[in-house]
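To start, the structure itself, in structure tokens.
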Amino acid sequence: MGKIRMAFIGVGDMGSHHCIGFDLLDECEVRYICDMNEANVARTLAELANSKPVICTDYRELLDKEDLDAVVISVPNYKHREVAVAFLEAGKHVFLEKPVAHTLEDCDAIIEAAEKHERILQIGLVYRYSNLYRRMAKEVENGRLGDVKLMWCKEFRDPFPPTDWFYDKSKSGGAIVEKDCHHFDIFNWMIKANPVRVFASGGQHVMKQGQENLITNSYSHYPAKTISDTSIVDHAFITVDYDNGSKANLGLCMYLKPRNLMGEGLEIGLIGENGGQMVARNDKAIDIVGGADFTREHLDMDVTSDSIMGGHTGGQTQRIDFIKCITEGKQPFATGQVGRNALMIALAAEKSILEERYVYLDELSN
């Protein structure tokens, strides 16, 4: 098999990184870039070492291209179904940024199209490909803590990039759908059970609907912008109950300034039935404490070999695996169904905040 010929639909923050990362792989050729934002295209082209792609502004121009094997889709959530289904129906393999979609209906339509046309659909749940979280899963698999009974995630961070669609719940699905599908997936992965119900409390503390909100963001290239029409929560606490009795909790704050001032950043932890606990901090290190033999272990993880340019841990590994899935005909570790399972928790949390009650996940499917 020759090089996998690829197109990149959207080269903003995520899409640009994907384009640069795939360009570094010998098995790939970046054949097309599709984005209406000339600055995004120029920024991406400047970083490409090996490819000289054709540029277009409408993805529909690429649907009938015979010199195209796979696409990476990094467009706003509400566009996922339209774009992903079109390429799957055109017989192209699809790497789709998370979440799968902003609604369950759109999510199911994308998965159905991948199955019908027998194409690879990989979701950008990047933590599944991270050295750090794979090591965490390995410790769980090896029985270091017994069955996982409690999990938590603390994500106290700065706002989304200052781009309007992030702040429009009808387009993003809400802050919890857009951001925390990553973390709900880690809960599902480590606990190895089915989530049953969700209770969430959240609202707007700082970034409020109807007021002028000057949005700044530490990692995006987009300039600061005032957004007054913000329909997403800027904080929440979310509890998830599993069918094996395990429980998980996520705390979200989206208005921290400056970011990670105390150096704490993201924290994801778990406690097993033997009383031991394992905590991952800053996507960099794992501490394992207690349990049957009261051991204490600190693991400084390799967080460079699985990513590029200081990007998200697992970022490059997920790209390598996508190519392997295409060439070897195997299913990805982050399938559409894996993405759907994480999305279900996020949608239930958004609904729980709105309706001030427990939401059972089977309500959503029904």
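Because the structure is predicted, anything quoted here is derived from the model rather than measured. Counting begins at 1 with the first residue of the sequence.
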Taking only Lys NZ, Arg NE, NH1 and NH2, and the carboxylate oxygens of Asp or Glu, determine whether [X] and [Y] approach each other closer than 4.0 Å.
{"X": "Lys3", "Y": "Glu29", "value": "no"}
{"X": "Lys79", "Y": "Glu82", "value": "yes"}
{"X": "Lys116", "Y": "Glu89", "value": "no"}
{"X": "Arg135", "Y": "Glu139", "value": "yes"}
{"X": "Asp69", "Y": "Lys92", "value": "no"}
{"X": "Asp108", "Y": "Arg340", "value": "yes"}
{"X": "Glu27", "Y": "Lys324", "value": "no"}
{"X": "Asp234", "Y": "Lys179", "value": "no"}

If every non-hydrogen atom of [X] is compared with every non-hydrogen atom of [Y], which pair is closest and at what distance?
{"X": "Ala101", "Y": "Cys107", "answer": "CB-N, 3.5 Å"}
{"X": "Pro332", "Y": "Tyr129", "answer": "CB-OH, 3.9 Å"}
{"X": "Leu361", "Y": "Ala348", "answer": "CD1-CB, 4.0 Å"}
{"X": "Gly15", "Y": "Ser74", "answer": "CA-OG, 3.4 Å"}

Distance, nearest 0.5 Å, that separates [atom1] of [X] from [atom2] of [Y]:
{"X": "Ser228", "Y": "Lys208", "atom1": "OG", "atom2": "NZ", "value": "15.0 Å"}
{"X": "Ile345", "Y": "Leu250", "atom1": "CD1", "atom2": "CG", "value": "10.0 Å"}
{"X": "His17", "Y": "Glu97", "atom1": "NE2", "atom2": "CD", "value": "11.5 Å"}
{"X": "Ile271", "Y": "Met151", "atom1": "CD1", "atom2": "CE", "value": "10.5 Å"}
{"X": "Leu270", "Y": "Ile288", "atom1": "CG", "atom2": "CD1", "value": "9.0 Å"}
{"X": "Thr230", "Y": "Asp164", "atom1": "OG1", "atom2": "CG", "value": "10.0 Å"}

Task: Parallel, tilted or perpendicular, as decided by the 30° and 60° cut-offs, for the rings of Phe87 and Tyr59 - done: tilted

Open item on the list: Once you measure the plane-to-plane angle for His183 and Tyr127, does it fall in the parallel (<30°), tilted (30-60°) or perpendicular (>60°) bin?
Closed with: tilted

[X] versus [Y]: any side-chain heavy-atom pair under 4.5 Å?
{"X": "Arg134", "Y": "Asn131", "result": "no"}
{"X": "Asn282", "Y": "Leu266", "result": "no"}
{"X": "Asn249", "Y": "Ile238", "result": "no"}
{"X": "Cys56", "Y": "Glu61", "result": "yes"}
{"X": "Arg357", "Y": "Arg197", "result": "no"}
{"X": "Val177", "Y": "Leu347", "result": "yes"}
{"X": "Trp152", "Y": "Ile268", "result": "no"}
{"X": "Val359", "Y": "Phe199", "result": "no"}

Please check if atom [atom1] in [X] has more than 12 non-hydrogen atoms from other residues, nucleotides or ligands closer than 6.0 Å.
{"X": "Glu355", "atom1": "CD", "answer": "yes"}
{"X": "Asp58", "atom1": "CG", "answer": "yes"}
{"X": "Glu328", "atom1": "CD", "answer": "yes"}
{"X": "Glu112", "atom1": "CD", "answer": "no"}

Do [X] and [Y] land in one hydrophobic cluster if side-chain heavy atoms of ILVMFWY residues count as linked below 4.5 Å?
{"X": "Leu354", "Y": "Val198", "value": "no"}
{"X": "Ile186", "Y": "Leu252", "value": "yes"}
{"X": "Val240", "Y": "Met190", "value": "yes"}
{"X": "Ile326", "Y": "Phe8", "value": "yes"}

Mark yes or no for whether [X], through its side chain, and [Y], through its backbone, hold a donor-acceptor pair below 3.5 Å.
{"X": "Thr313", "Y": "Ser130", "answer": "no"}
{"X": "Ser307", "Y": "Val303", "answer": "yes"}
{"X": "Thr327", "Y": "Ile323", "answer": "yes"}
{"X": "Ser246", "Y": "Tyr242", "answer": "no"}
{"X": "Tyr167", "Y": "Met207", "answer": "no"}
{"X": "His80", "Y": "Pro99", "answer": "yes"}
{"X": "Arg319", "Y": "Gly315", "answer": "yes"}
{"X": "Arg119", "Y": "Leu88", "answer": "no"}
{"X": "Glu273", "Y": "Lys149", "answer": "no"}

Any side-chain donor-acceptor pair under 3.5 Å between [X] and [Y]?
{"X": "Asn341", "Y": "Asn188", "answer": "no"}
{"X": "Asp67", "Y": "Tyr32", "answer": "yes"}
{"X": "Asn213", "Y": "Thr226", "answer": "no"}
{"X": "Thr57", "Y": "Asp35", "answer": "no"}
{"X": "Thr304", "Y": "Asp302", "answer": "yes"}
{"X": "Ser365", "Y": "Asp362", "answer": "no"}
{"X": "Ser51", "Y": "Asp23", "answer": "yes"}
{"X": "Ser218", "Y": "Asp158", "answer": "yes"}
{"X": "Tyr78", "Y": "Asp168", "answer": "no"}
{"X": "Tyr255", "Y": "His205", "answer": "yes"}

Aromatic ring proximity [X]/[Y], centre distance under 6.0 Å:
{"X": "Trp189", "Y": "Phe333", "value": "yes"}
{"X": "Phe95", "Y": "His18", "value": "yes"}
{"X": "His312", "Y": "His182", "value": "yes"}

Open item on the list: Working note: Asn77 + Trp165, criterion side-chain contact (heavy atoms from CB on, under 4.5 Å); need CA distance, chi angles, decisive distance, verdict.
Closed with: CA-CA 9 Å; Asn77 301 346; Trp165 72 267; 3.6 Å; yes

Open item on the list: Run Lys284 and Asp300 through salt bridge (Lys or Arg N to Asp or Glu O under 4.0 Å) and show every step you take.
Closed with: CA-CA 6 Å; Lys284 290 179 180 175; Asp300 285 313; over 6 Å; no

Open item on the list: Please evaluate residues Lys192 and Glu141 with respect to the criterion salt bridge (Lys or Arg N to Asp or Glu O under 4.0 Å), reporting the C-alpha separation (whole Å), side-chain torsions for both, the decisive distance (0.1 Å), and the verdict.
Closed with: CA-CA 10 Å; Lys192 300 185 190 311; Glu141 290 278 356; 3.1 Å; yes

